[in-house]
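One structure is given here, and the rest of the page talks about it.
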Amino acid sequence: LEQPIFSTRAHVFQIDPNTKKNWVPTSKHAVTVSYFFDSTRNVYRIISLDGSKAIINSTITPNMTFTKTSQKFGQWADSRANTVYGLGFSSESHLVKFADKFAEFKEAARLAKERSQEKMELTSTPSQESAPGDLQSPLTSESINGTDDERVTPDTPQNTEARADPSQNALPFSHSSSSISKHWEAELAALKGNNAKLTAALLESTANVKQWKQQLAAYQEEAERLHKRVTELECVSSQTTVIKSHKTELNHMIEELELALKAKEEELERLKEEVQSANEFRSQKDSLTQQLQDSESRNQVLEAQLSDLEQRLESIQLEREAFHKSLRSLLELLDSKLFELNELRDTLAKLIEGS
């Protein structure tokens with residue numbers, strides 16, 4: 001099945017089919033442009049949807065080239081779609097990244113095409129005993145890398161039995177039939193996947209535009225009522241000037257209603273973008289909340305350790321004060337003993353001198 005592998009936003013243009021010079025915008029605003037990879041067929045495609053309408057459906061082939069014509073604009077030609085696509089980006093960095101991805105997937109498409117050709121050559125090689133040209137390859141590189149509209153059912157040779165012995169060609173033809181069956185089964189699975197994606201996109205688009213369709217119906221009813229009012233005024237009143245002025249005012253009101261409808265459509269697109277941004281902010285908020293909880297738990301552990309250290313420091317200080325007191329008392333005792341020894345020495349010295 002096809003899976004998106006890279007997405008960006010850009011304004012989409014196509015070359016004017018008449019002049020082949022002027023660009024014709026195919027989207028009123030920037031839309032999502034995505035690279036898709038079909039793992040079943042090894043095909044890379046560029047797809048962009050404007051609501052339920054596919055404005056880009058281009059299969060990347062090895063002979064395509066993406067050209068940067070300005071700092072924010074690039075283009076490529078699609079011979080299968082018989083047109084040239086143009087993309088206008090919001091910054092040069094987005095353009096450079098898109099161009100790099102184009103070159104990367106173009107090279108991958110080239111390698112996939114070469115591998116597919118090698119497999120097809122091995123599968124479609126006829127028996128050495130068969131006459132030249134009896135069996136042809138049921139698949140070509142174009143059928144592998146082409147779009148769904150360009151693929152045709154491979155033709156089976158009609159006069160094989162007339163030109164070659166059936167026993168000689170039975171094994172190659174069996175392999176070819178098996179290859180054809182697997183190929184079309186993969187094609188069918190890919191088409192079912194694409195159909196499911198397009199159906200989901202259509203349902204989502206229908207749900208999103210339901211509200212402004214209702215507004216459009218209300219505006220149309222109002223416009224019809226105003227038109228009827230204009231007709232009644234034209235039939236009843238004989239004052240042409242007054243009727244024309246009322247008609248002009250009503251036309252202005254209709255134009256204002258149409259502008260309001262366009263503004264509602266733009267607001268709807270803006271609200272879609274805001275919803276997407278809100279979802280991103282919600283995920284960021286959840287992540288930050290989890291980080292805050294982790295930080296609070298670590299802070300509680302550190303506070304407990306700090307309280308334990310403060311208690312230990314207080315006990316050490318008390319022990320130190322007690323040790324200082326005992327040292328002071330010991331010094332005082334030592335001083336008194338030294339004083340007594342000095343007195344005893346003086347007494348002994350006097351006794352020695354008297355004797």
Side-chain angles (χ1 to χ4, degrees), residues 2-17 19-37 43-61 64-78 80-81 83-109 197-198 200-202 204-205 207-209 211-212 259-288:
E2 275 188 321
Q3 296 293 334
I5 51 181
F6 176 78
S7 297
T8 186
R9 294 185 66 83
H11 292 270
V12 180
F13 300 83
Q14 285 190 20
I15 201 70
D16 190 345
T19 62
K20 297 296 183 182
K21 293 181 180 180
N22 301 325
W23 288 107
V24 178
T26 56
S27 63
K28 297 180 180 179
H29 48 81
V31 296
T32 301
V33 182
S34 303
Y35 286 99
F36 279 78
F37 174 64
V43 172
Y44 294 86
R45 289 202 297 167
I46 303 174
I47 297 177
S48 179
L49 297 176
D50 189 2
S52 60
K53 178 183 177 183
I55 56 179
I56 298 180
N57 185 4
S58 178
T59 301
I60 299 177
T61 59
M64 283 186 178
T65 301
F66 184 84
T67 305
K68 292 182 284 185
T69 57
S70 67
Q71 292 183 347
K72 296 182 181 180
F73 194 87
Q75 65 185 52
W76 78 95
D78 190 338
R80 290 188 171 93
T83 188
V84 179
Y85 294 103
L87 296 179
F89 296 87
S90 59
S91 64
E92 185 178 2
S93 61
H94 289 83
L95 171 61
V96 172
K97 194 167 184 179
F98 186 90
D100 294 339
K101 292 294 183 182
F102 191 99
E104 177 184 349
F105 299 144
K106 171 185 173 182
E107 180 64 18
K197 291 178 182 178
L198 292 175
L202 179 59
E204 182 180 0
S205 175
N208 290 334
V209 302
Q211 182 178 1
W212 69 261
L259 293 175
L261 176 60
K262 291 182 180 179
K264 291 292 184 182
E265 292 177 354
E266 294 177 356
E267 184 178 2
L268 179 62
E269 295 297 332
R270 182 179 60 79
L271 289 174
K272 288 180 182 178
E273 295 178 355
E274 290 181 356
V275 168
Q276 185 177 1
S277 301
N279 292 332
E280 295 177 356
F281 288 148
R282 189 178 294 109
S283 62
Q284 293 178 0
K285 178 183 176 182
D286 295 338
S287 176
L288 292 175

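Excluded from the calculations below are hydrogen atoms, water molecules and symmetry mates; all remaining heavy atoms, backbone and side chain alike, are included.
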Can you name the closest pair of heavy atoms from Gly74 and Phe66 and give their distance? CA-CZ, 3.6 Å

Are Ile56 and Ile47 close enough that some pair of their side-chain heavy atoms sits under 4.5 Å apart? no

Nearest heavy-atom pair of Pro25 and Phe13: which atoms, and what distance? CA-CD2, 3.5 Å

I'd like to know if the side chain of Lys106 and the backbone of Met64 have a donor-acceptor N/O pair within less than 3.5 Å. yes

What donor-acceptor contacts under 3.5 angstrom involve side-chain atoms of residues 89-97, with partners at least two apart or in another chain?
{"residue": "Ser91", "atom": "OG", "partner": "Ser93", "partner atom": "OG", "Å": "3.1"}
{"residue": "Ser91", "atom": "OG", "partner": "His94", "partner atom": "ND1", "Å": "2.4"}

Between Glu274 and Arg270, does any side-chain N to carboxylate O distance fall below 4.0 Å? yes

Nearest 0.5 Å please: distance from the NZ atom of Lys72 over to the NE2 atom of His11. 10.5 Å

Please check if the distance between the ring centroids of Phe105 and Phe37 is under 6.0 Å. no

Do the side chains of Thr65 and Phe102 get nearer than 4.5 Å, heavy atoms only? no

Salt bridge Lys262-Glu265, side-chain N to carboxylate O under 4.0 Å: no

So OG of Ser7 and OH of Tyr35: to nearest 0.5 Å the spacing works out to 10.5 Å

Which value, rounded to the nearest 0.5 Å, describes the distance between Ile15 atom CD1 and Lys21 atom NZ? 10.5 Å

Determine yes or no for a side-chain-to-main-chain donor-acceptor pair under 3.5 angstrom, with Ser58 supplying the side chain and Ile46 the backbone. no

So do Arg80 and Thr61 actually touch side chain to side chain, heavy atoms under 4.5 Å? yes

Got Val84 and Trp23 here, is their nearest side-chain heavy-atom distance under 4.5 Å? yes

Residue pair Arg9 / Thr32, side-chain donor-acceptor N/O under 3.5 Å: yes

Contact summary for Ala81 and Tyr85, nearest pair of heavy atoms: CB-OH, 3.8 Å

Under 3.5 Å side-chain donor-acceptor pair for Asp50 and Ser27: no

Should the heavy atoms of other residues, nucleotides or ligands under 6.0 Å from NZ of Lys20 be counted, would the total exceed 12? yes

Closest non-hydrogen atom pair between Gly86 and Phe73, with its separation: CA-CZ, 3.7 Å

dist Asp100:CG -> Phe6:CZ (nearest 0.5 Å) comes out at 9.0 Å

Are any of the side-chain heavy atoms of Val31 and Ile55 separated by less than 4.5 Å? yes

Kindly compute the distance separating CD (Gln75) from CG (Leu87), expressed to the nearest 0.5 Å. 10.0 Å

To the closest 0.5 Å, what do you measure between CD (Gln284) and CG (Leu288)? 7.0 Å

Is the closest side-chain heavy-atom distance between Thr59 and Phe36 below 4.5 Å? no

